[in-house]
Peer 1: 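The structure that follows is given in the form of structure tokens.
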Amino acid sequence: MKLEICLVCLLSLILPGCTNTAASGDDPAAKKGGKKGKGGRGGEGGPVPVVAARVLEKSVPIEVSAVGNVEAYSTINVVPQISGQLTQIYFREGDFVQKGEKLFTIDPSQLEAQVAQAEANLARDEALLSQSEANLAKDSAGEKYARDQAVRYAKLFAEGIVSKEQGDQLASTADSLAQGVRADKAAGDSMRAQMRADQAAIRNLKVQLAYTTISSPIDGRTGNLTVKPGNVVNANVSSLMSITQVQPIYATFSLPETHLSEVRRYMAQGKLTVEATPQDGSADKPAQGVLTFVDNNVDSTTGTIKLKGTFPNSGRQLWPGEYVNVVLRMAVRQNALVVPNQAVQTGQDGTYVYIVKDDRTVEMRPVTTGLRVDQDLVIDKGLEAGETVVTEGQLRLAPGSRVQIGGPNGPAGTGRGGSFRSGGRGGKGGGRDRGGEDGGGQGGAKSAAGGATQDSAITGHGGAGSGRGNGFKDQGKRRPPAEQ
């Protein structure tokens, strides 16, 4: 029993000593890895790997983007102008129709009968007019003869040959015939007026008869048909369908009122180009049009101004009612300085970029940005053409840091460990690089210990791993103890 107690005490003294020795042992690789792991911001770890690009000088379009809505150039509701039974339809719903193309027929039989009746009335009145003219000619001849007789008898009465009664009788007969002539003339005028009324009635009936055939007033696409053949339609009440003109077509959009003076200035210089792209991305290229309308007032509730572009729409790319991405191109800015968007950083004092100098050190320089064009940004002030700016890896930089420039497909760094996507098993202090940063220290790379990650442009210099990678997708093997 005493022997067992002694052994337990002895073990309790030995084990802590072994643990402390292992924890405090001098491992040159560990010390070396720890020193190397101080990557920080490009200090003792060597140059900081970055991706850079040159400042380019090129022509940049001055554009304003907005979301717009497509509107039909014109929309017509087809409404019958006479009442009757719809007997025939000459198109299918959704067809494109041309101006003047026949669309509907309303039963014309009643109007055709009315036209025939009016034409018969006209023929009757023409006959009555002829009769009146004949009576006028006869009465005029009789009145002339009676007037001549009265004149002769007046002379004979003066000579005492005939009695006064005979002369007065002939004069009265001549006056009576003269009134008959005037009556015949009035009857002729009445017949002529009646004929004009008949002709007007015929024209009116023929116009109504023409309304029985409904033709398209514009070129466009037909909509939903609301009345089927056989139904009775009412004049100026029943809507048969609508026709929408899509060639040309409008795209309406709104811009902030701050752009109004700019738009008006460039419109005074010439026509402004408008591009419209459907939001579903189905179009191979944007539809091209021109700015044709600027509203006469600013919407005070939203602070925007309404504009409208007109597009030929020859390929029927734009459709009424759909939303489109609109780009209003006002001018082209020549010799503008542009850099990639990611090169511009934002700090407490505003926007800045890191400039790579000839000695491979960086300088932080404030810049004034302008328009954004696709993946580039226009620099209004702060840069010159040909300078080199850092586009990736800015988080590890400070003014004066030394850099190593690489590209997205550039070589891996000089640190030991696995190569690209290597499974090399690293030791202490293995480098880590993702987006141009390396952490260093105990552990190695996150995705593959001691090796570069796939997203890295240039592997870092944080520290040398104690393992050696065996190449692409290879699980690295440790060196034999003799080599260590």
Side-chain angles (χ1 to χ4, degrees), residues 59-77 218 220-221 223 242-283 285-338 341 344 346 350-351 367-382:
S59 299
V60 175
I62 301 176
E63 300 173 339
V64 181
S65 300
V67 176
N69 183 255
V70 180
E71 294 182 4
Y73 194 80
S74 62
T75 300
I76 303 298
N77 288 322
I218 59 172
R221 182 181 175 91
S242 63
I243 302 176
T244 301
Q245 185 175 358
V246 297
Q247 293 174 304
I249 202 167
Y250 292 129
T252 303
F253 57 100
S254 297
L255 294 179
E257 59 183 326
T258 54
H259 294 293
L260 178 57
S261 59
E262 202 173 11
V263 171
R264 293 177 59 192
R265 184 174 72 253
Y266 287 115
M267 281 189 69
Q269 300 174 6
K271 293 183 178 180
L272 302 186
T273 302
V274 182
E275 295 181 352
T277 306
Q279 292 189 333
D280 58 5
S282 59
K285 59 181 181 179
Q288 301 287 331
V290 294
L291 184 67
T292 55
F293 171 76
V294 178
D295 205 355
N296 57 3
N297 66 322
V298 175
D299 189 343
S300 58
T301 59
T302 60
T304 58
I305 183 72
K306 183 179 179 181
L307 300 94
K308 187 180 294 186
T310 303
F311 298 80
N313 201 29
S314 56
R316 296 168 185 166
Q317 178 180 348
L318 303 180
W319 209 250
E322 71 173 340
Y323 286 95
V324 290
N325 296 321
V326 178
V327 176
L328 174 61
R329 179 169 297 177
M330 294 181 284
V332 177
R333 181 175 174 179
Q334 304 292 337
N335 303 323
L337 300 179
V338 296
N341 291 335
V344 179
T346 302
T351 55
V367 294
T368 302
T369 59
L371 299 172
R372 184 182 297 272
V373 182
D374 294 332
Q375 300 300 317
D376 294 332
L377 196 63
V378 176
I379 303 299
D380 293 334
K381 183 179 179 182

Peer 1: Are side-chain heavy atoms of Thr252 and Leu307 found at a separation under 4.5 Å?
Peer 2: no
Peer 1: Report, as yes or no, whether the 6.0 Å neighbourhood of atom OH on Tyr73 holds more than 12 heavy atoms from other residues, nucleotides or ligands.
Peer 2: no
Peer 1: Evaluate the side-chain proximity of Val246 to Pro320: yes if any heavy-atom separation is below 4.5 Å, no if none is.
Peer 2: yes
Peer 1: Show your reasoning for whether side chain to side chain contact (heavy atoms under 4.5 Å, CB included) applies to Met330 and Glu63.
Peer 2: CA-CA 6 Å; Met330 294 181 284; Glu63 300 173 339; over 6 Å; no
Peer 1: Where do Ser65 and Leu255 come nearest, in terms of heavy atoms and distance?
Peer 2: O-CD2, 4.3 Å
Peer 1: Could you name each residue pair satisfying salt bridge (Lys or Arg N to Asp or Glu O under 4.0 Å) that touches residues 252-267, not counting sequence neighbours?
Peer 2: none
Peer 1: Indicate yes or no: at least one non-hydrogen side-chain atom of Ile218 is less than 4.5 angstrom from one of Ser74.
Peer 2: yes
Peer 1: Okay, side chain of Asp380, backbone of Thr368: is any donor-acceptor separation there less than 3.5 Å?
Peer 2: no
Peer 1: For Phe311 versus Ala251, what's the shortest heavy-atom pair and its separation?
Peer 2: CE1-CB, 3.4 Å
Peer 1: If you compare all heavy atoms of Arg329 against all heavy atoms of Leu272, which two are closest, and at what distance to 0.1 Å?
Peer 2: O-CB, 4.0 Å
Peer 1: Can you tell me how far CG of Leu318 sits from CG of Asn69, rounded to the nearest 0.5 angstrom?
Peer 2: 11.0 Å
Peer 1: Do Pro248 and Asn313 have side chains that approach each other closer than 4.5 Å (heavy atoms only, starting at C-beta)?
Peer 2: no
Peer 1: If you take all heavy atoms of Thr244 and Ala72, which pair is closest and at what distance?
Peer 2: CG2-CB, 3.1 Å
Peer 1: If the test is side chain to side chain contact (heavy atoms under 4.5 Å, CB included), which one of Val338, Thr351, Val344 qualifies with Ile379?
Peer 2: Val344
Peer 1: Tell me, yes or no, whether the heavy-atom count around Gln375 atom CD, taken from other residues, nucleotides or ligands under 6.0 Å, exceeds 12.
Peer 2: no
Peer 1: If you apply the rule side chain to side chain contact (heavy atoms under 4.5 Å, CB included), what do you find for Arg316 with Arg221, and how did you get there?
Peer 2: CA-CA 11 Å; Arg316 296 168 185 166; Arg221 182 181 175 91; over 6 Å; no
Peer 1: Which atom pair, heavy atoms only, marks the closest approach of Ala276 to Gln317?
Peer 2: O-NE2, 4.4 Å
Peer 1: Are Asp299 and Lys306 close enough that some pair of their side-chain heavy atoms sits under 4.5 Å apart?
Peer 2: no
Peer 1: Would you confirm whether Gln245, through its side chain, and Gly220, through its main-chain N or O, come within 3.5 Å as a donor-acceptor pair?
Peer 2: no
Peer 1: Count the heavy atoms of every other residue, nucleotide or ligand shown that sit under 6.0 Å from CZ of Phe293, and state whether that count exceeds 12.
Peer 2: yes
Peer 1: Roughly how far apart are Asn297 CG and Ile305 CD1, rounded to 0.5 Å?
Peer 2: 6.5 Å
Peer 1: Quick one: does Tyr250's side chain get under 4.5 Å of Thr310's, heavy atoms only?
Peer 2: yes
Peer 1: Let's go through Val67 and Asn325 carefully: what are the C-alpha distance in whole Å and the side-chain angles of both, what is the deciding distance for side chain to side chain contact (heavy atoms under 4.5 Å, CB included) to 0.1 Å, and is it a yes or a no?
Peer 2: CA-CA 5 Å; Val67 176; Asn325 296 321; 4.1 Å; yes
Peer 1: Indicate the atoms forming the closest heavy-atom contact of Val274 with Leu291, along with that distance.
Peer 2: CG2-N, 3.6 Å
